[in-house]
Number of protein chains: 2
Amino acid sequence: MISKATLGRIPNYLKALQELPENVSDISATTLAKRLSLGEVQVRKDLASVCGRGRPKTGYNVDELIQSMKSVTNGGARKEAVIVGAGKLGRALLDYSGFSEYGLVVLKAFDNDDNKLGGNVLPVGDMYSYCALHQIEIGILTVPPEAAQEAANEMVRCGIRAILSFSSSHLQVPEGVIVKNENLALSLAHLQLKLNEI
Amino acid sequence: MISKATLGRIPNYLKALQELPENVSDISATTLAKRLSLGEVQVRKDLASVCGRGRPKTGYNVDELIQSMKSVTNGGARKEAVIVGAGKLGRALLDYSGFSEYGLVVLKAFDNDDNKLGGNVLPVGDMYSYCALHQIEIGILTVPPEAAQEAANEMVRCGIRAILSFSSSHLQVPEGVIVKNENLALSLAHLQLKLNEI
């Protein structure tokens, strides 16, 4: 399992590797660590989790390393996710361009409020056919807490197998479906706690 | 140090404790775990990190436990944070009510775009005096990557000591200032990775 922290560094590794002169065919964790001003132990661990162990002395083949890293961030193929709930947060995420760094794209949001429809916001009733057509497996849930379970049920019915939930409610999903809660208030509160402890 | 995961469960613990009948003066980790359908080991660890070890047999005094938990989530006092960058995400967070669960409140956003000002969005030029008056220590950074470092510098100048950054750029801050990066794309990408591994 590649950790979230490792995954977060992959775009930087990829950038550094792609900027190497063409005649550089191998690179060691030590060299890569120096280039990125990262700790050597950390880089060694990251590379091992993505691409196994390097060869003694020479390290990693640059092309192989690039391929392994690309395959972790979706194999270069763009993977589409949908948003359920076109409130302010949902619409902010719909406009957010940062997903592409990880080979992800978010093109549509779904809502059951007629006033929110239009542009890239479609009625929830269209979600089933849209997800089937575009083979959607991931959804971002940004509805109010009281509507979250019902929305999650509908997402599961549409074939979504992983839900990134910004709702604070605890969601019940069938086995085989993953839910990751993203609690923005908790992130802020944890920062406050750290500040108190300095 | 209380972990983010533990902190995330504290509102649930608090709710369960406050719902106990008045004549219950002590509670064990085991009982609390059962009430919340959580693992006993996890609850034991959480309570230990918040309130030290319970007494053998009786466990924890309910009032003391409530007080310890409240003091972790800001001692009941409301702590104010500001937002820098009133784009879609900034404005979505300005409207987000979930912060209060952790004794936090976000009342104002600052921006240097005249078109975004009005209501609870103030010009960046007003931030210094606002932060001084309201003793702001925490800020949420939601400006585009290219403006992030400059905005962070200004936040530090305004006395902000902890920054929750939604910008993907790496921020340079003086010693003593904490930066926590919140990368929404990374959260989604990590979920995708987990899905591939099932």
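Bear in mind that the values here come from a model prediction, so they are computed numbers and not experimental data.
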What part of [X] lies closer than 4.5 angstrom to a heavy atom of chain B: side chain, backbone, both or neither?
X	result
A/Ile10	neither
A/Ala81	side chain
A/Ser3	backbone

For this session: Provide the closest heavy-atom pair for A/Ile83 versus A/Leu94 in the form atom of the first, atom of the second, distance.
Result: CD1-N, 3.5 Å

For this session: Grab the two heavy atoms, one from A/Cys158 and one from A/Cys131, that are nearest each other, plus how far apart they are.
Result: O-CB, 3.5 Å

Problem set entry | B/Gln149 versus B/Asn153, side-chain donor and acceptor atoms under 3.5 Å |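 A donor-acceptor contact under 3.5 Å links the two side chains.
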
Problem set entry | B/Phe99 ring center within less than 6.0 Å of B/Tyr102 ring center |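 Ring-ring flag for B/Tyr102/B/Phe99: false, centres at least 6.0 Å apart.
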
For this session: Identify which of A/Pro145, A/Gly8, A/Pro11, A/Ser100 forms the greatest number of heavy-atom pairs closer than 4.5 Å to chain B.
Result: A/Gly8

For this session: Could you tell me which of B/Leu191, B/Leu89, B/Ile163 has the largest number of non-hydrogen atom pairs under 4.5 Å with chain A?
Result: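 Top option by heavy-atom pairs under 4.5 Å: B/Leu191.
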
For this session: Check whether more than 12 heavy atoms from other residues, nucleotides or ligands sit under 6.0 Å from atom CD of A/Glu40, and answer yes or no.
Result: yes

